[in-house]
Amino acid sequence: MLALPALADELSTATLERVQVQAAKVHAVDDFDLPASSTTLGADTDGNGRGAQVSELLGAVPGLLARDRQNYAQDTQLSLRGFGARSTFGVRGVRLLVDGVPATMPDGQGQLSHFNVFGADRVEVLRGPFSALYGNSSGGVLQLWSADGQPGDPWRLRSSHGSNNTSSTGVQLKGQVAAMHYNVAANHFTTDGWRDHSAARRESLNARLGFELAPGHRLELLLNAFDAPHAQDPLGLSREQVRDNPRQATAVATQYNTRKSVRQNQAGVVYSAERDTQTWRLMGYAGQRAVEQFLAIPPGPQNSPLHSGGVIDLDSDYGGLDARWAWHGQLAGRPLELVIGANADRQQQHRSSYENFVGSTLGIKGRLRRDQQDRVQNVDQFAQAWWQFSPRWSALLGARHSQVQFRSRDHYITGGNPDDSGSRDYAATTPVAGVVFRASDDLRFYASAGRGFETPTFNELGYRADGAAGLALDLAAGSTRNYEIGSKWRAQSGARLELALFRADSDDELAVATNSGGRSSYRNIGATRRQGAELSWQQPIGADQELQLAYTWLQATVRQPYLTCTGLPSPCNQPANVVAAGTRLPAVPRQQLFARWQWQPGPWQWAAEVVAASDIGVNDLGSASAAGYGLLNLEMARQWATARGPLRAFARVDNVLDQRYIGSVIVNDGNQRYYEPGPDRSVTVGLQWQWLR
């Protein structure tokens, strides 16, 4: 990741303060002065029934869609400006970081599951061209930052319980002892699930320990652990099944006991030193991730010598290094800042697959059907410069060169299954540029442009569309040309208004080729375009009320016709159905809206939210869709002062009007089970105590 430099402290009569160096930022940056769309959201530290999952905090970000799948085996479906919407597993096309340490693997695949929101301070979301400065991503960047412990910080205990026997309990220890700042947060989450066969349990731990070694010198230790055993997977439903009973699981889900287990442990260390006009930062991290997933693939297809079975077993070791240097001074008598750096990441993965049956017993691990060692590594170099070339104008320029290498060594070789070893290299240089015009102290106009770069992930390379064994090493990397213009306004009252117009033209985009039994294959398609507008508005009303609004209009379409396997029997060796130019990209709504009104009279707090999205396609052909929806959510909370700290009770009702709707979709599902219904009316109540020591 490449942090954006702060503006120098010379903007006409305005003065910007420098703040403490953060784990991944060489200097802090005020997003108001960026030539980009950037949103910062505070974590729900008060405790109002939100925040058990990071997706619950993201509704107020325009352009971002975090779909609740009611399926903890598949995680949240996250997209930014339409990038990543087709992903059937995890997050792709969006760069994820926690406390400056990548949560996106070197292959470009990320997970939100291990984001521990309870110890978080804020979430930052960057959209548009400047996301290219963070490496292998196109749609944007999402960062979660833990709070930095300070003297006198309270410790917290929060517990909530809700519908479907869902409970969440978290504890946070935060403060400072001598030269050590600490923030340790642990959370335990369980649910029976709204749908049948969707129970899950999750435990997470996140620790941030900061040490002031000397003036200007800081060392941080970052630890993260996550365990989610046997999360049940109810799979998607057909339109008829949704109409009959949206809470049901597909019959084969229970027949094969479809489920997934994930365990991840990660550690990072960051050293930063600031002296005069220079700042140095060194970061290293390493981790292990294990995934076991049981799919609903019948024994018949697995009799083929080339079939890789119905149980996936992945063990990954990963890590990386990042080094950067920053300098701030002057050029031609005007403020100038430079950042130069490099990073390298490596992921070693052992991929095994097994039959999901033994004899006539289904849903258990059987014979080995795949055994290979996969490796991906990248080496990147980056540079950027910010220059205030006049009192009202500034420019931000940057470039990143990425080299990504995939290697696969096949150890499962039989008479009917030949050696599928292979390799593929990708490389790209991604330049970006932006300018900002300072119309007044409270008004900015900006424009930016850049190129994006997105390689396939191991998940997308994992299976060939023709059904053969081995990785799909014929997949090309996608590239994107990004453009954005916008304006930002703020007032002394706290009101903010931001508007952005954007366009992203992509070539060789990666799309789902086939999707059956929980297993997906991918292919490159022709040119696509995403263009639209984003509006965000924050308005205080008097001394105790506030209104928030985020609206997105997004047109995501195919620009060149191509052939697809959608609607044809699997495996499909010869795509034959035509996707016409102008067809909407699936899983991308044309419009989405978030509105929130909050009133806080004394110790009480009341809030109402409206969340709405228009209809979405579910396959490449655009022959089926999921209807749009609008939901109403309500919150209330009451706080009491006690001798040992404030006690807060809260309650939240989601989908107050008990609407039926589709929460997310499985793009191009081979059985036409595209739909994952959203939950009906649900209630959460809880308590939070902040202990003042």
Side-chain angles (χ1 to χ4, degrees), residues 1-4 31 34-39 61-65 78-86 91-96 104 108 124-143 380 382-386 395-402 426-436 445-455 476-488 498-511 524-536 552-560 585 588:
M1 170 223 143
L2 180 57
L4 298 171
D31 61 9
L34 272 179
S37 297
S38 179
T39 303
V61 181
L64 185 149
L65 186 62
L78 180 75
S79 64
L80 273 172
R81 295 183 174 175
F83 288 98
R86 301 185 190 213
V91 178
R92 62 173 292 268
V94 179
R95 196 76 172 170
L96 306 177
T104 297
E124 297 176 354
V125 182
L126 177 68
R127 308 176 294 286
F130 277 91
S131 63
L133 289 179
Y134 290 71
N136 184 7
S137 64
S138 294
V141 182
L142 189 152
Q143 302 188 70
D380 291 16
F382 51 82
Q384 66 179 37
W386 174 86
L396 181 60
L397 309 174
R400 189 180 189 104
H401 179 71
S402 301
Y426 303 92
T429 299
T430 52
V432 294
V435 293
V436 176
F445 295 96
Y446 69 89
S448 59
R451 294 185 65 88
F453 168 63
E454 186 175 0
T455 69
S479 62
T480 301
R481 299 173 301 283
N482 260 308
Y483 311 94
E484 181 177 326
I485 59 174
S487 63
K488 306 176 185 181
E498 298 186 8
L499 173 67
L501 305 177
F502 60 88
R503 171 178 286 182
D505 292 329
S506 299
D507 296 314
D508 290 324
E509 179 164 345
L510 290 158
N524 293 106
I525 62 175
T528 61
R529 171 171 288 173
R530 297 166 174 85
Q531 60 184 1
E534 296 171 351
L535 173 70
S536 64
T552 305
W553 178 83
L554 175 58
Q555 183 183 56
T557 58
V558 174
R559 297 184 64 202
Q560 292 178 342
L585 295 180
V588 181

Is the closest basic N to carboxylate O distance between Glu484 and Arg127 below 4.0 Å? no
Heavy-atom distance under 4.5 Å between the side chains of Arg503 and Arg481, does that happen here? no
Spatial distance of atom CG (Leu585) from atom OG (Ser79) [nearest 0.5 Å]: 11.0 Å
Minimal non-hydrogen separation, Leu535 against Pro62, with atom names: O-CB, 4.1 Å
Of all heavy-atom pairs linking Leu133 and Ala399, the shortest is CD2-N, 3.8 Å
Which atom pair, heavy atoms only, marks the closest approach of Pro35 to Ala447? CB-O, 4.2 Å
Can you list the steps and then say if Leu396 with Phe130 is a side-chain contact (heavy atoms from CB on, under 4.5 Å)? CA-CA 10 Å; Leu396 181 60; Phe130 277 91; 3.5 Å; yes
Full working for side-chain contact (heavy atoms from CB on, under 4.5 Å) between Val125 and Val141: CA-CA 6 Å; Val125 182; Val141 182; over 6 Å; no
OG/Ser402 to CD/Glu454 distance, rounded to the nearest 0.5 angstrom? 12.5 Å
Could you check if a side-chain atom of Ser506 sits within less than 4.5 angstrom of a side-chain atom of Arg529, using non-hydrogen atoms only? no
With side chains defined as the heavy atoms from C-beta onward, is the minimum distance between Thr480 and Asp507 less than 4.5 Å? no
If you measure only the distance, is there a donor-acceptor pair under 3.5 Å linking the side chains of Thr552 and Glu534? no
Check step by step if side-chain contact (heavy atoms from CB on, under 4.5 Å) holds for Leu78 and Leu65. CA-CA 6 Å; Leu78 180 75; Leu65 186 62; over 6 Å; no
State, yes or no, whether a side-chain contact exists between Arg530 and Leu554 at a heavy-atom distance under 4.5 Å. yes
Taking side chain as C-beta onward, heavy atoms only, is Ser487 less than 4.5 Å from Tyr446? no
Grab the two heavy atoms, one from Gly135 and one from Asp380, that are nearest each other, plus how far apart they are. CA-OD2, 4.3 Å
Examine the side chains of Thr39 and Glu124 and answer whether a donor and an acceptor come within less than 3.5 Å of each other. no
To the nearest 0.5 Å, atom CG of Leu142 lies from atom CG of Leu80 at 7.0 Å
Find out whether Phe453 and Ser479 are in side-chain contact, i.e. whether some heavy atom of one side chain is under 4.5 Å from a heavy atom of the other. no
Which atom of Ala449 lies closest to which atom of Pro129, heavy atoms considered: C-CB, 3.8 Å
Taking C-beta and beyond as the side chain, do Val432 and Gln384 meet within less than 4.5 Å on heavy atoms? no
With rounding to the nearest 0.5 Å, note down the distance linking CG in Asn482 to CG in Asp505. 8.5 Å
Between NE2 of His401 and OG1 of Thr429, what distance do you get to the nearest 0.5 Å? 5.0 Å
Heavy-atom distance under 4.5 Å between the side chains of Asn524 and Leu510, does that happen here? yes
Leu96 vs Val91, test: side-chain contact (heavy atoms from CB on, under 4.5 Å). Steps then yes/no. CA-CA 9 Å; Leu96 306 177; Val91 178; 4.1 Å; yes
Taking atom types as modelled and ignoring hydrogens, do the side chains of Tyr134 and Thr430 form a donor-acceptor contact shorter than 3.5 angstrom? no
Say whether Tyr483 and Gln531, considering side chains only, have a donor N or O and an acceptor N or O under 3.5 Å apart. no
With a 3.5 Å cut-off and no angle check, do the side chains of Ser131 and Arg81 form a donor-acceptor pair? no
